[in-house]
2 protein chains.
Amino acid sequence: MEHWDEIRTSYYVVREGTVSGAADALGVHHATVIRHIDALEARLGVKLFQRHARGYTPTEAGADLARVAQTTDDQFSQLGGRLKGQGENVTGELVVTALPTFAERITPILAQFQRDHPDVRVRFLTDARVFRLEYGEAHVALRAGAAPEEPDNVAQPYVSLDMGLFASTDYIAQFGIPTLETLDQHRFVGFADIRSRAPFMQWLEAHVPQSAIWFRASDDRSMAAAVRGGVGLGFLPVCDAGDLNEVMERQPEWVAKTWLVTHVDLHRSAKVQAALAAFKGAAQGWCSCEDGVNLP
Amino acid sequence: MEHWDEIRTSYYVVREGTVSGAADALGVHHATVIRHIDALEARLGVKLFQRHARGYTPTEAGADLARVAQTTDDQFSQLGGRLKGQGENVTGELVVTALPTFAERITPILAQFQRDHPDVRVRFLTDARVFRLEYGEAHVALRAGAAPEEPDNVAQPYVSLDMGLFASTDYIAQFGIPTLETLDQHRFVGFADIRSRAPFMQWLEAHVPQSAIWFRASDDRSMAAAVRGGVGLGFLPVCDAGDLNEVMERQPEWVAKTWLVTHVDLHRSAKVQAALAAFKGAAQGWCSCEDGVNLP
DNA sequence: CATGAAGTGTGCGCAAATGCACAGGGGTTT
DNA sequence: AAACCCCTGTGCATTTGCGCACACTTCATG
């Protein structure tokens, strides 16, 4: 029972009653209809129709086939409607991944997105590992660092997160304000992962000995808490600094570029586009906080 | 949502996970699989798969399609099994038609047939009009007269019904026994239909003036009753004569040939063949009554 | 009875779908 | 790290399947 097209053709002949009528309805030549039926009958070894000059009348076998094909036709029609809409409408599920670092910033964006598109079920995956878009693990990924270069991914530059070097008031009282020359006399807070791709970490490793890093955390929230607790100097997004004191002029290398990445196969879909639009719209308010600094 | 074959192809890709696997399972080249999917996606405007070097993973749309195609595949498989069996098994309905004349003879045959094939629903249609096999009105027809010549019908010679000219004892007492020369002085019983194709009626019209036919009936049972009632001379199958008296030597032209006719499209099916076998088997006992005559 | 319309059936030529071969990419194994 | 295997993807040759045209039959109509 391969060659579903032949089943469809036979079904149309039952419906229309004649080969010519079925050919018209199918938009093919009536010779094609005859050939399909002949082939199907030969393969099954059963006559589906009795032929006469006024048309085709189905045998019991033909009627049986038509019943099954009828429901199939209905189901496929419904399916077609669903699928055609799926590309244009914003429905179904939207899977977004990001590093845990960005969780707090992204959650409100997704919440707003869901308010705008109540039919979309949102799944937000945060994990240290990089999710693979080509395996369907996510529709949209927020990546940080250098421009992604996976061939089938489309990456758009997103916000650039301005990072500053901050210290608590307590720390400054005890250790003073660092300069480029006195860096190695200070205590730093950094990421636990030695191979972190965070740009400020790479700057840190280039300008500061490992021994100067006295506190390592695996996530940025712990890092921020450590800085606030006076453990040492640490990098934070400037807008998250709160009442911390910025202790050094920002370096261009610190800037954390981020990217919105989607898989090329899904990029054009309305749902993904809507998600990207939501992200971009929310980006306006992210880092207009270049002035919110407390020092020096 | 035309091109059901492409749906089937896509379904197999979801099942197998790879284009190559689907191609193997389908028995086609993997390039064909790719083309089918590309075409279907283009027509729908929806991506069904995310492509990567290790295989195809379905999108939501692809998974949706696979679900409905799965049930379709199941239903078609079942259907295929049913239909393939239908040609070889003896099931379903068997429609037989005959002239009302033969009803009494055929009914026991069909009864026996149904005992042998309890799964077959039998419909026996008797009517003066000729049922058209090519419109699916019947599977088997018992026809009398000259060999049928419809192009799409296959006709097999069946029993030859020996007809005799009979009279009741009362009639003979009153009118005597006819000879070829005194035919027009007798009273005859015949068919009402002037254009009857029954061979003895044509012989009658050739040898006897219309005025000699004093009683016309539309069915043979009425004719037989008239003969038995002494109305006149009449033709009966010799084995149905009972206690009537055969009054003339049988003429070869009187013999009523019958034919078993089937439509060529159905003739090879096991059901029709079984029905024909039943008819032929029963024919043995039909007219071995050439001896059962009472006169002269 | 002649005529026309509608439908089936078939040979022929062409276009579209298929198979083939090869290139390229990614993961796994030794 | 290199070799290998499996998968996708694409240009080219081939063949299958399709459309076309015509013949034939049946039925309806005047």
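Residue numbering restarts at 1 for every chain, and letters A, B, ... go by the order of the sequence lines. FYI, side chains are in, hydrogens and waters are out, and symmetry mates aren't considered; it's all heavy atoms of this structure.
- In this entry the distance linking CD of Glu134(B) with C1' of dC27(D) reads 13 Å, nearest Å.
- You'll find the side chain of Phe279(A) reaches within 4.5 Å of the side chain of Val96(A), heavy atoms only.
- Judged by distance alone, the side chain of His3(B) and the main-chain N or O of Asp5(B) form no donor-acceptor pair under 3.5 Å.
- Judged by distance alone, with hydrogens and angles left aside, the side-chain atoms of Thr262(B) form no donor-acceptor pair with the main-chain N or O of His267(B) at under 3.5 Å.
- Under the 3.5 Å distance criterion, with hydrogens and angles disregarded, a donor-acceptor pair is assigned to the side chains of Lys280(B) and Gln156(B).
- Applying the side chain to side chain donor-acceptor pair (under 3.5 Å) test to every pair with at least one member in residues 121-137 of chain B, sequence neighbours left out, gives these pairs: Glu93(B)-Arg123(B), Arg129(B)-Glu137(B), Arg132(B)-Glu134(B).
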Hey, can you pull the donor-acceptor pairs under 3.5 Å for the side chains in residues 15-24 of chain A, sequence neighbours left out?
| residue | atom | partner | partner atom | Å |
| --- | --- | --- | --- | --- |
| Arg15(A) | NH1 | Tyr11(A) | OH | 3.4 |
| Thr18(A) | OG1 | Gly21(A) | N | 2.9 |

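- For Thr59(B) (side chain) and Leu48(B) (main-chain N/O), a donor-acceptor pair under 3.5 Å exists by modelled atom type.
- Contacts of His36(B) with the nucleic acid, taken as non-hydrogen atoms under 4.0 Å apart, involve only primed sugar atoms and P, OP1 or OP2.
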Show each protein N/O and nucleotides 4-10 of chain D N/O combination with a separation under 3.5 Å, one pair to a line.
| residue | atom | partner | partner atom | Å |
| --- | --- | --- | --- | --- |
| dT8(D) | OP1 | Val19(B) | N | 2.5 |
| dT8(D) | OP2 | Val19(B) | N | 3.3 |
| dT8(D) | OP2 | Ser20(B) | N | 2.8 |
| dT8(D) | OP2 | Ser20(B) | OG | 2.7 |
| dG9(D) | OP2 | Tyr56(B) | OH | 2.2 |
| dG9(D) | N7 | His30(B) | NE2 | 3.2 |
| dG9(D) | O6 | His30(B) | NE2 | 3.0 |

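- For DNA chain C, the outermost nucleotides in 5' to 3' order that have an atom under 4.0 Å from a heavy atom of chain B are dT18(C) to dG27(C).
- DNA chain C forms stems at C:1-30 with D:1-30, each a run of 3 or more consecutive Watson-Crick or G-U wobble pairs whose two key distances fall under 3.5 Å.
- Taking the side chain to side chain contact (heavy atoms under 4.5 Å, CB included) definition, one finds that His36(B) meets it with Glu6(B), Thr9(B), Thr32(B), sequence neighbours left out.
- Under the 3.5 Å distance criterion, the side-chain polar atoms of Thr97(A) are left unmatched by any main-chain donor or acceptor of Ala138(A).
- Take the nearest nucleotide of DNA chain C for Asp152(B) and for Tyr135(A): the residue whose nucleotide is more 5' is Asp152(B).
- Arg216(B) has its side chain within reach of Ile213(B): a pair of non-hydrogen atoms, C-beta onward, lies under 4.5 Å apart.
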